[in-house]
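Accompanying notes for the structure given below.
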Amino acid sequence: MVELRENEQKTLLALKKLGGKALVDPIIEVSGLAHAAVMRAALTLSEKKLIKMHKQKQQVVELTAEGKQHALVGLPERRMINALMESSGTAPIKTVAQKAGLEEGFVPIALGWLHRKGWATVEGKQTLRAQKSEIPVEADEKVLLTLKDRGALTLDELENDLQDAVAVLKGRKLLEVTDKTVRKLELTEAGLQLVKKGVDIVSEVSQLTPELIMSGKWRETKLRKFDVAAAGPESYPAKVHPLQQVIQKAREVFLELGFTEIRGPLVETAFWNFDALFQPQDHPAREMMDTFYLANPKAGSLPKKTVVNAVAKTHENGWTTGSKGWGYRWSPEEAKRLVMRTHTTAETIKYLSRHKNPPIKVFSVDRVYRNEQVTYKNTAEFFQIEGIVVDKGVTLCDLIGTLKTFYARFGLKKVRFWPCYFPYTEPSAEATVYVPKMKRWIELCGMGMFRPEVLTPMGIKYPVLAWGGGLERLAMLELGIEDIRQLYGNNLGWIRRTPVCQ
Ligand code: PHE
């Protein structure tokens, strides 16, 4: 005699009711059991060779909410034609619709399909006339009915002519076809025999209660065994977004290196974003191509006159910096324009205009904006990591050392420095890292020592080491992803799979 538990029996019976072969979802519906219970029962049943479990990639057909409604009461055109037949084949549309109990929104849909299916035509404007005296159930209706009974089907379970109907119903948004890995259960011959004969159920308890113990009934009770090796349901506790985790880590590393965080507004004047950094007003980076200029309000205010004048003179003729400047007429109007900051160096220089005494070690990890095409490696808004060190006698070597330490904390050891150019630093360099997986050198950040043309107008008398780079690059290396859009896509699957701690 085969002994089965209640859930196993319910699963077997549901399977029989569903024709001996069915997907898990309909079994859940028919048996009233939870997903985990059906899966557990299925495991035991297949061990006992009463069912077979198939796991396959398949196209699963399911009703949409509207499809479910039609499956229950009939397609709008069917309801209309039924009502029309009852009115002896011709009647005003309105009357038929009323008789059919059709909601107003469905009337035009019903008329369209009555015409397409050749069931009825509209005469004049208001009269409906049946074209046939009897209309057997058509393929699309068969599909709806089968789905009504079974909840979900795989496409290959349907005969060819019904598959065409699926396409039509999909077009009508009454059902959805999705690719899924599905589990299908199938009664074996032995399983079938058993359900026919009837199964003995052993009732089991899964919890030993004080009553069972006190009454002594526990002696006769069969206790359910726990399968401690069975996988529990997956759970997805709340956690910090992976990108935010990398941001936090960058902050922590800076703090551990003795830096203090500074923050500034997302909208800045061109003065702080460009002019104070000795970028000429006709510099290509300022053009619409790169910078988002604000339409409203268009302009902000400039800092104190002495600072503005010093910057203006430096641009025009070099002022007292020892430089010749850019040799053009500096416009305060251009400097007042408001921009979405294109780099956090805007905050750095603003900070320096107010803090002139060393030692200074500040950083920011914050959002910046550039009008760039969104691709696998660029987005129009992103995070920048930025830092400065101000102290007597610091040199580029100190900066290289600081950066090596910073990036090593992210596991990036093979970092190299190449000469490059920024309008506000001299010498300037670029840090790159070798990524073995990609067999490529990847750009990490720009760096350098602020030029006298930047420092003198702000009244800074000490060397300033500065660097700034993309945070997403770092996040991509840290998280092992190759498309930056992944960081912003809110793909739940990826977010769930990414560990809480790196
Ligand atoms: N601001 C530069 C950028 O956005 C980076 C940089 C910062 C370079 C500081 C030198 C010094 O790319």
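Predicted model only: the values in this text are computed from it and were never measured. Ligands are counted one by one from 1 in listed order, and the atoms in each one are counted from 1 as well.
- Any N or O atom pair closer than 3.5 Å counts here, and His343 shares at least one such pair with ligand 1.
- With a 4.0 Å heavy-atom cut-off, ligand 1 is reached by the side chain of Gln384 but not by its N, CA, C or O.
- In this structure, the protein non-hydrogen atom closest to atom 5 (C) of ligand 1 is Gly468 O, 3.5 Å.
- Side-chain contact between Thr344 and Ile262 is absent, with no heavy-atom pair separated by less than 4.5 Å.
- Two residues are said to be in side-chain contact when any heavy atoms from C-beta on lie closer than 4.5 Å; Gln384 and Val365 fail this criterion.
- Here the rule is ring-ring contact (aromatic ring centres under 6.0 Å, His included) with Trp467, and of Phe422, Tyr424, Phe417, Phe254 only Phe254 fits it.
- A cation-pi arrangement, defined by a distance under 6.0 Å to the six-membered ring centre and an angle within 45 degrees of its axis, is present between Lys249 and Phe410.
- Of the options Glu66, Lys68, Glu62, a side-chain contact (heavy atoms from CB on, under 4.5 Å) to Thr64 is made by Glu66 and by none of the others.
- Near Gly446, meaning under 4.0 Å from one of its heavy atoms, ligand 1 places the atoms 6 (C), 8 (C), 10 (C).
- One option in Ala346, Ala466, Gly469 has a heavy atom closer to atom 11 (C) of ligand 1 than any other, and that option is Ala466.
- In terms of polar-atom proximity, defined here as any N/O pair under 3.5 Å, Thr345 does make such a contact with ligand 1.
- Using 4.0 Å as the threshold, Tyr424 has a heavy atom nearer than that to some atom of ligand 1.
- Leu175 places a side-chain heavy atom less than 4.5 Å from the side chain of Val166.
- Glu472 and Tyr488 form a side-chain donor-acceptor contact under 3.5 Å, judged by distance and modelled atom types alone.
- Distances between N or O atoms of Glu386 and those of ligand 1 include no value under 3.5 Å.
- Under 4.0 angstrom from ligand 1, the non-hydrogen atoms of Arg370 all belong to its side chain.
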